Novice: 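Structure below; questions to follow.
Owing to the predicted nature of the structure, the values given are computational and were not obtained by experimental measurement.
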Amino acid sequence: MSEMKQGGDGATAPRSPSHSGFVRGLCFLCGVKEEDAEGGAPEIAIGEENEMVEQGGSEAAAARCPPHPGFVRGVCSVCGAKEEDAGGSASRLAVGVGYTQRGRQVLPASATTSIPRETNLATLLRTRKLTLILDLDHTLLNSTGINDFSPMEERNGFTSNTMGDPGMGLFRLDAYGVPVLTKLRPFARGFLEQASAMFEMHVYTLAGRDYARAAVQLLDPDGVYFGARIVSSAESTRRDMKSLDVVPGAEVVAVVILDDSDAVWPGHQDNLILMDRYHYFASTRRKFGYNMNPMAELSRDEREHDGSLAVVLEVLKRVHEGFFDSVLDGHFSDVREVIREVRRQVLLGCTVAFSRLNYLQDFAMDSPMWTLAEKLGAVCKVDVDETVTHVVAEDPVTRKAQWARDHNKFLVSPEWIKAASFRWRRQDEQAFPVTRGS
């Protein structure tokens with residue numbers, strides 16, 4: 001796909017010779033200025049309210065745009081033909097209530113879809129950016145009190161006098177009144193640099209304002225990624241919850257959320273990409289009830305090139321591409337549907353049967369693991385048959401586990417599904433064997 005630029009001259013015109021329409025004086029496909037375009041096109045005003053638009057087209061426009069995907073304020077959104085010249089053969093399309101995909105109407109995740117205001121939508125389309133909302137703690141970094149180190153961490157050199165090591169991504173924060181040691185997640189700054197080309201980024205944390213600003217200063221010392229776009233607990237409207245209503249300019253159809261907790265986003269689950277938590281220090285592992293040793297005790301860390309942030313960056317690239325492919329085809333997409341489609345590709349082609357998972361066999365279809373597998377594109381079954389490709393079990397001696405071995409099917413632990421969810425790709429089944437007590 002060719003990149004869209006702000007502004008432009010006659011050299012950019014060949015990428016959009018018919019100029020779909022101009023928003024704020026710029027073609028919203030190729031970015032050429034209206035005064036530089038030969039013949040021009042009507043200015044398109046995208047309103048804030050849901051509007052019904054019709055498909056159709058004139059004979060003159062048909063050669064350039066068969067069929068017309070839809071009209072916005074009386075103008076074809078692709079070729080600029082006037083609706084009054086249309087032959088009346090159009091089907092109806094709800095902008096903001098749904099979107100078309102290759103002529104097919106798709107309903108959004110929620111009936112309360114919000115349409116970006118004119119300036120916001122023009123900016124998104126012109127600069128090829130979406131909105132990305134990022135959590136701080138356990139997503140981009142991990143902090144611990146300087147008096148909360150475990151005995152093993154102390155043996156590894158962490159004490160109340162530790163001042164940090166920028167080369168290792170370790171920083172001490174004292175300025176806001178509660179001394180902590182903060183560890184940046186590997187690849188955090190590289191992730192922000194690359195993500196900033198695709199997204200306007202915001203930080204949203206339920207931590208205090210002073211801590212939020214100090215932590216963002218570590219990630220973005222020059223203020224080039226976030227600027228003043230920081231939401232802390234002081235600005236949040238609901239205790240221990242997050243909502244887009246406090247994020248300036250955030251429009252639900254064009255927002256991607258990256259967070260380690262789905263519970264804090266009750267109203268925006270379909271916008272959320274869930275991260276696996278970054279636990280570098282022992283105190284945070286204890287807080288969440290994990291029994292495994294933290295990385296500070298093991299003197300190791302996530303890898304940059306294939307760690308969690310590198311993985312999610314590739315997912316964001318796919319979401320961004322899917323969204324703007326739709327726009328370039330003349331349709332207005334909904335990022336929530338794009339996220340769902342990308343997620344559905346993870347276990348596509350897998351048929352999964354569950355064996356006594358958490359001993360809820362009679363309620364298997366209501367179990368979180370069943371729901372997660374379906375979101376990842378798998379077909380789920382209560383019992384086994386010839387179509388089953390995987391049996392998910394916790395106990396290797398169950399009837400279904402034995403069936404899987406007898407029929408040369410994959411026998412995996414529930415962690416296989418969880419890993420696929422966090423890594424956004426099917427995982428090697430051999431790495432997730434079913435052993436007694438797993």
Novice: Verify side chain to side chain donor-acceptor pair (under 3.5 Å) between Asp259 and Ser261, making sure each step is shown before the conclusion.
Specialist: CA-CA 5 Å; Asp259 206 310; Ser261 173; 5.2 Å; no
Novice: Between Glu374 and Arg344 (salt bridge meaning N to carboxylate O under 4.0 Å), is one present in this structure?
Specialist: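 Salt bridge flag = no for Arg344 with Glu374.
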Novice: Knowing that exactly one of Val216, Asp220, Leu219 qualifies, which makes a side-chain contact (heavy atoms from CB on, under 4.5 Å) with Val203?
Specialist: Val216
Novice: Do Arg303 and Pro186 come within less than 4.5 Å of each other through their side chains, counting heavy atoms only?
Specialist: no
Novice: Where is the tightest heavy-atom contact between Asp174 and Pro179, given as atom of each residue plus distance?
Specialist: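 For Asp174 and Pro179, the tightest heavy-atom pair comes out as OD1-CB, 3.0 Å.
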Novice: Any side-chain to backbone donor/acceptor pair from Glu235 onto Ser232? Under 3.5 Å, distance only.
Specialist: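 At least one qualifying donor-acceptor pair exists.
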Novice: When you measure from the side chain of Thr139 to the backbone of Asp260, do you find a donor-acceptor pair of N or O atoms at a distance under 3.5 Å?
Specialist: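 Yes, because the side chain of Thr139 sits within donor-acceptor range (under 3.5 Å) of the backbone of Asp260.
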Novice: Under 3.5 Å, is there a donor-acceptor pair between the side chain of Arg229 and the main chain of Pro248?
Specialist: no
Novice: Without swapping roles, check the side chain of Gln427 against the backbone of Arg425 for a donor-acceptor pair under 3.5 Å.
Specialist: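 Yes: the side chain of Gln427 pairs with the backbone of Arg425.
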Novice: With sequence neighbours left out, which residue pairs that include part of residues 200-258 fulfil the ring-ring contact (aromatic ring centres under 6.0 Å, His included) condition?
Specialist: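 Qualifying pairs: Tyr176-Tyr211, Tyr204-Trp265.
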Novice: Can you tell me if CZ on Arg405 sees more than 12 non-hydrogen neighbours from other groups inside 6.0 Å?
Specialist: yes
Novice: Among Arg277, Lys242, Arg185, which residue meets the salt bridge (Lys or Arg N to Asp or Glu O under 4.0 Å) test with Asp135?
Specialist: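 Only match with Asp135 under salt bridge (Lys or Arg N to Asp or Glu O under 4.0 Å): Lys242.
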Novice: Testing the 3.5 Å rule here: is there a donor-acceptor pair between the side chains of Thr159 and Asn161?
Specialist: no
Novice: If every non-hydrogen atom of Thr205 is compared with every non-hydrogen atom of Leu136, which pair is closest and at what distance?
Specialist: CG2-CD1, 3.9 Å
Novice: Mind checking the CZ-OG spacing from Arg209 to Ser233? Nearest 0.5 Å is all I need.
Specialist: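 The distance works out to 8.5 Å.
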Novice: Between Thr284 (side chain only) and Phe281 (backbone N and O only), is there a donor and an acceptor less than 3.5 Å apart?
Specialist: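 Yes, because the side chain of Thr284 sits within donor-acceptor range (under 3.5 Å) of the backbone of Phe281.
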Novice: Quick one, Thr389 with Lys409, criterion side-chain contact (heavy atoms from CB on, under 4.5 Å). Give me CA distance, side-chain angles, the key distance, then yes/no.
Specialist: CA-CA 6 Å; Thr389 59; Lys409 305 292 185 176; 5.6 Å; no
Novice: Can you tell me if Ser236 uses its side chain to pair, donor with acceptor, with the backbone of Met241 under 3.5 Å?
Specialist: yes
Novice: Is the backbone N or O of Ala214 less than 3.5 Å from a side-chain atom of Gln217, with the two atoms forming a donor-acceptor pair by type?
Specialist: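 No.
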Novice: Give me the atom names and distance for the closest heavy-atom approach of Ala404 to Leu411.
Specialist: CB-CB, 4.2 Å
Novice: Run the salt-bridge test on Arg336 and Asp270 with the 4.0 Å N-O cut-off and return the result as yes or no.
Specialist: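 Looking at Arg336 and Asp270, the cut-off is not met.
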Novice: State which residue, out of Trp403, Trp416, Phe354, fulfils the ring-ring contact (aromatic ring centres under 6.0 Å, His included) condition with His390.
Specialist: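 Result: among Trp403, Trp416, Phe354, Trp416 is the only option passing the ring-ring contact (aromatic ring centres under 6.0 Å, His included) with His390.
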Novice: Which atom names give the shortest non-hydrogen contact between Val256 and Phe199, and what distance separates them?
Specialist: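 Residues Val256 and Phe199, closest heavy atoms: CG2-CE2, 4.0 Å.
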Novice: Using the rule given for side chain to side chain donor-acceptor pair (under 3.5 Å), can you reason through Glu394 versus Ser413, listing the C-alpha separation, both sets of side-chain angles and the distance that settles it, and then say yes or no?
Specialist: CA-CA 6 Å; Glu394 293 178 324; Ser413 71; over 6 Å; no
Novice: Just verifying a value: how many Å separate Leu348 CG and Leu376 CG, rounded to the nearest 0.5 Å?
Specialist: 11.0 Å
Novice: Spell out, as yes or no, whether a donor-acceptor pair under 3.5 Å connects the side chain of Asn271 to the backbone of Val252.
Specialist: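 Here the side-chain-to-backbone pair exists.
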Novice: For the side chain of Ser299 and the backbone of Met295, is there at least one donor-acceptor N/O pair under 3.5 Å apart?
Specialist: no
Novice: Are the side chains of Leu140 and Leu309 in contact, using a 4.5 Å heavy-atom criterion?
Specialist: yes
Novice: Within the 3.5 Å criterion, strictly below it, is a donor on Asp385 or Thr387 matched to an acceptor on the partner's side chain?
Specialist: yes
Novice: Are Glu321 and Arg318 ion-paired here, with the side-chain N under 4.0 Å from a carboxylate O?
Specialist: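 The answer is no: the pair does not qualify as a salt bridge.
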Novice: Side chains of Asn142 and Asp137: closer than 4.5 Å at any heavy-atom pair?
Specialist: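 No, side chains not in contact.
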Novice: Can you tell if the side chain of Ile273 reaches within under 4.5 Å of the side chain of Val315, non-hydrogen atoms only?
Specialist: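 A side-chain contact under 4.5 Å exists here.
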Novice: Please report the interatomic distance CZ(Arg285) to NZ(Lys287), rounded to the nearest 0.5 Å.
Specialist: 14.5 Å
Novice: Can you confirm whether the side chains of Thr398 and Ser355 place a donor and an acceptor under 3.5 Å from each other?
Specialist: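 Distance-only check passes for Thr398 and Ser355.
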Novice: Output the distance between atom CG (Leu274) and atom CZ (Arg343), rounded to the nearest 0.5 Å.
Specialist: 8.5 Å
Novice: Please find the pair of heavy atoms, one from Asp383 and one from Ala353, that lie closest to each other, and give the distance.
Specialist: O-CB, 4.0 Å
Novice: Starting from the C-alpha separation in whole Å, work towards a yes-or-no answer on side-chain contact (heavy atoms from CB on, under 4.5 Å) for Met292 and His279.
Specialist: CA-CA 10 Å; Met292 297 174 60; His279 290 295; over 6 Å; no
Novice: Less than 4.5 Å apart, side chain to side chain, heavy atoms only: is that true for Phe149 and Leu181?
Specialist: yes
Novice: I'd like to know whether CG of Asp428 has more than 12 heavy-atom contacts from other residues, nucleotides or ligands below 6.0 angstrom.
Specialist: yes
Novice: Just by distance, do the side chain of Asn156 and the backbone of Ala296 share a donor-acceptor pair under 3.5 Å?
Specialist: yes
Novice: Under 4.5 Å between any side-chain heavy atoms of Pro396 and Gln402, yes or no?
Specialist: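 Counting from C-beta outward, Pro396 and Gln402 never come under 4.5 Å.
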Novice: Give me the ring orientation class for Phe288 and His138: parallel if the planes are under 30° apart, tilted from 30 to 60°, perpendicular past 60°.
Specialist: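 Phe288 vs His138 ring planes: perpendicular.
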Novice: Quick one: OG on Ser160 to CZ on Arg172, what's the gap to the nearest 0.5 Å?
Specialist: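 Result: 7.0 Å between the selected atoms.
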Novice: Could you tell me if the side chain of Phe187 sits less than 4.5 Å from the side chain of Glu193, heavy atoms only?
Specialist: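 Not touching, per the 4.5 Å side-chain cut-off.
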Novice: So do the side chains of Val253 and Val335 get within less than 4.5 Å of each other, counting heavy atoms only?
Specialist: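 Of all side-chain heavy-atom pairs linking Val335 with Val253, none is under 4.5 Å.
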Novice: Between Asp301 and Lys183, does at least one N-O distance fall below 4.0 Å, as a salt bridge requires?
Specialist: yes
Novice: Please round to the nearest 0.5 Å and tell me the distance separating atom CZ of Phe191 and atom CD of Glu304.
Specialist: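 Rounded to the nearest 0.5 Å, the CZ-CD separation comes out at 13.0 Å.
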Novice: Under the side-chain contact (heavy atoms from CB on, under 4.5 Å) criterion, do His320 and Lys129 qualify, and how do the steps go?
Specialist: CA-CA 8 Å; His320 179 272; Lys129 284 190 176 184; 5.6 Å; no
Novice: Show your reasoning for whether side-chain contact (heavy atoms from CB on, under 4.5 Å) applies to Ile133 and Thr131.
Specialist: CA-CA 7 Å; Ile133 298 175; Thr131 299; 4.2 Å; yes
